[in-house]
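Everything numeric in this text was worked out from a predicted model, so none of it was measured.
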Amino acid sequence: MAQIIDGKAIAADIRREVAADVAALSSAHGLVPGLAVVIVGSRKDSQTYVNMKRKACAEVGICSIDVDLPEDISEPALVAEVHRLNADPAVHGILVQLPLPKHINEEKILSEICIEKDVDGFHPLNIGKLAMKGREPLFVPCTPKGCMELLSRSGVTVKGKRAVVVGRSNIVGLPVSLLLLKADATVSIVHSRTPDPESIVREADIVIAAAGQAMMIKGDWIKPGAAVIDVGTNSVDDPTRKSGYRLVGDVDFAAVSKVAGYLTPVPGGVGPMTVAMLLKNTVDGAKRGIVE
């Protein structure tokens, strides 16, 4: 049976480390790291995520700067809001909760966040540096960074291993493949146009599943002993639950756990790591300000 990687426990360790860093910054420099969390409109799922991030900030002593904007805000007004936060020395990180309303160009807004405050790691300059050999981005996207941290803290060696990433999104698939490459893995990316994906996945020592397809990866896709990180969060009908549904990953957990060496559960695997990495990025941004 696979060793189950406990993302909750690892994320709790990271939060403790972040809280210690925040306390040290405060006592040595009188500096409290600040994270501006911008939400446009009132989507229920976005509000849930934002509240979770704000609560996590409070727990580690980061100052959460709440920016709640109406659904019908114009694009220029939102750009002006981002520029105001760029100029505010109390803000060390800016996070714009996605998706934005249809009338606003996400790419435009994200590229307006100054690179020194791009704690989500989505600025084209940060992604560009991530893609280049010998360059280091100021920030790495939180979910991919969390995946790498789960591997390293579980004692999984990446260097020299074959890694397969399932999915090629800008948020997870692409950046995590670049991080694996930087860590000296040999990387393949499987996506919706890949013929016979299971034959490629079967060769992997490390699998990162981020396709957004419920339980797509079966037990017989996995090389015995492989490390499997499941980024997927999909709701499937479950009449036995009060909510009427349950969350599952992109991996068939029951089947894969019999073959893999390491496996993350859903929920309780990658999810808690994303928020922990956001907190870590914010503190790193505040520290960078002192060094400069």
(request) Take Asp45 and Thr48 through the side chain to side chain donor-acceptor pair (under 3.5 Å) test and state the conclusion after the steps. (result) CA-CA 5 Å; Asp45 57 345; Thr48 304; over 6 Å; no
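- No salt bridge links Lys133 with Asp184; every basic N to acidic carboxylate O contact stays at or beyond 4.0 Å.
- The environment of Arg84 atom CZ is dense: over 12 non-hydrogen atoms of other residues, nucleotides or ligands sit within 6.0 angstrom.
- If you take CG on Leu138 and CG on Leu125, they are separated by 9.0 Å, rounding to the nearest 0.5 Å.
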(request) Give the C-alpha distance, both sets of side-chain angles, the deciding distance and a yes or no for side chain to side chain contact (heavy atoms under 4.5 Å, CB included) between Ile104 and Ile73. (result) CA-CA 9 Å; Ile104 292 174; Ile73 188 170; 4.0 Å; yes
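- Checked for salt-bridge contact, Lys223 and Glu203 miss the test: no charged N lies under 4.0 Å from a carboxylate O.
- Panel note: side chain His92, backbone Gly34; a donor-acceptor pair is recorded below 3.5 Å.
- Distance alone, capped at 3.5 Å, is enough to place a donor-acceptor pair between the Lys218 side chain and the Met215 backbone.
- Put simply, the side chain of Leu130 reaches to within 4.5 Å of the side chain of Pro175, judged on heavy atoms.
- At least one donor-acceptor pair closer than 3.5 Å links the side chain of Ser154 to the backbone N or O of Leu150.
- Using modelled atom types, no side-chain atom of Lys161 and backbone atom of Thr186 make a donor-acceptor pair closer than 3.5 Å.
- Taking 4.5 Å as the limit, every side-chain heavy atom of Asp120 sits out of range of all side-chain heavy atoms of Ile113.
- Here the shortest heavy-atom pairing between Ile189 and Thr194 reads O-OG1, 4.3 Å.
- For NZ of Lys129, the number of neighbouring non-hydrogen atoms (other residues, nucleotides, ligands) closer than 6.0 Å is 12 at most.
- Between Asp238 and Arg246 there is a salt bridge, with a side-chain nitrogen of the basic residue lying less than 4.0 Å from a carboxylate oxygen of the acidic one.
- A cation-pi arrangement is not found for Arg54 relative to Tyr49, the charged atom failing to lie both closer than 6.0 Å to the ring centre and inside a 45° cone about the ring normal.
- Side chain of Asp230 to backbone of Asp250: a donor-acceptor contact under 3.5 angstrom is found.
- Around CG of Asp237, the count of heavy atoms belonging to other residues, nucleotides or ligands within 6.0 Å does not exceed 12.
- Nearest heavy atoms, Cys147 versus Val176: CB-CG2, 4.1 Å.
- Smallest separation of non-hydrogen atoms from Phe122 and Asn170: CE2-O, 4.5 Å.
- Taking CG of Leu95 as the reference point, atom CD1 of Ile65 lies at 12.0 Å (rounded to 0.5 Å).
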(request) Start with the C-alpha gap between Met148 and Val140, add the side-chain angles, then the distance that decides, and say whether side chain to side chain contact (heavy atoms under 4.5 Å, CB included) holds. (result) CA-CA 11 Å; Met148 299 302 289; Val140 170; over 6 Å; no
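- For the side-chain hydrogen bond (donor to acceptor under 3.5 Å, both in side chains) test with Gln97, the passing option among Arg43, Lys53, Gln47 is Lys53; the others fail.
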(request) Determine, stepwise, if the pair Arg168 / Ser192 fulfils side chain to side chain contact (heavy atoms under 4.5 Å, CB included). (result) CA-CA 9 Å; Arg168 53 176 170 179; Ser192 58; 3.9 Å; yes
(message) Is there a side chain to side chain contact (heavy atoms under 4.5 Å, CB included) between Ile229 and Val207? Walk through the geometry before answering.
(response) CA-CA 6 Å; Ile229 305 290; Val207 178; over 6 Å; no
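- His191 contributes a side-chain N or O that, together with a main-chain N or O of Arg193, makes up a donor-acceptor pair within less than 3.5 Å.
- Ile217 and Val270 fall into different hydrophobic clusters, defined by Ile, Leu, Val, Met, Phe, Trp and Tyr side-chain heavy atoms under 4.5 Å apart, directly or through other members.
- Cluster annotation: Val231 and Phe253 are assigned to distinct hydrophobic clusters (Ile/Leu/Val/Met/Phe/Trp/Tyr, side-chain heavy-atom contacts under 4.5 Å, transitive).
- Residues Ile94 and Asp118 are not in side-chain contact: their nearest non-hydrogen atoms beyond the backbone lie 4.5 Å or more apart.
- For the side chain to side chain contact (heavy atoms under 4.5 Å, CB included) test with Val119, the passing option among Val283, Asp284, Asn281 is Asn281; the others fail.
- Note that the CE atom of Met52 and the CG atom of Leu278 stand 9.5 Å from one another [nearest 0.5 Å].
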(message) Lys55 vs Glu59, test: salt bridge (Lys or Arg N to Asp or Glu O under 4.0 Å). Steps then yes/no.
(response) CA-CA 6 Å; Lys55 187 165 160 265; Glu59 283 170 11; 3.6 Å; yes
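- Between Leu180 atom CG and Ile208 atom CD1 the span is 5.5 Å, to the nearest 0.5 Å.
- Note: the hydrophobic cluster containing Met277 also contains Ile115 (ILVMFWY, side chain heavy atoms under 4.5 Å, direct or indirect links).
- Minimum interatomic distance between Val32 and Gly61 (heavy atoms only, all atoms of both residues): CG1-O, 3.6 Å.
- Between the side chain of Thr157 and the main chain of Lys159, no donor-acceptor pair closer than 3.5 Å is present.
- For Glu116 and Lys287, the salt-bridge test fails: no basic side-chain N is under 4.0 Å from an acidic carboxylate O.
- Transitive grouping of hydrophobic side chains (ILVMFWY, heavy atoms separated by less than 4.5 Å) brings Ile206 and Met273 into a common cluster.
- Inter-residue side-chain proximity for Met216 and Val166 is flagged as met; some heavy-atom pair is nearer than 4.5 Å.
- To the nearest 0.5 Å, the span separating CG on Leu78 from NE2 on His83 amounts to 10.0 Å.
- Contact check for Asn234 versus Gln213: no side-chain heavy atoms found under the 4.5 Å cut-off.
- Side-chain contact check for Leu279 versus Ile62: some heavy-atom pair is nearer than 4.5 Å.
- Inter-residue side-chain proximity for Val156 and Tyr262 is flagged as met; some heavy-atom pair is nearer than 4.5 Å.
- Taking 4.5 Å as the limit, every side-chain heavy atom of Asp220 sits out of range of all side-chain heavy atoms of Glu198.
- Between the CG atom of Asp13 and the CG atom of Asp6 there is a distance of 9.5 Å, given to the nearest 0.5 Å.
- Summarising the geometry of Pro33 relative to Leu25, their closest heavy-atom pair is CG-CD1, 3.8 Å, with the distance given to 0.1 Å.
- Put simply, Ile39 and Ile171 are part of the same group of oily side chains (I, L, V, M, F, W, Y) that touch within less than 4.5 Å, one to the next.
- Residues Pro99 and Ser46 approach most closely at CD-OG, 4.2 Å, considering heavy atoms.
- In terms of modelled atom types and a separation under 3.5 Å, the side chain of His123 and the main chain of Gly128 share no donor-acceptor contact.
- Salt bridge present: Glu112 and Lys108 bring a charged side-chain N and a carboxylate O closer than 4.0 Å.
- Environment of NZ in Lys8: sparse, with no more than 12 heavy atoms of neighbouring residues, nucleotides or ligands closer than 6.0 Å.
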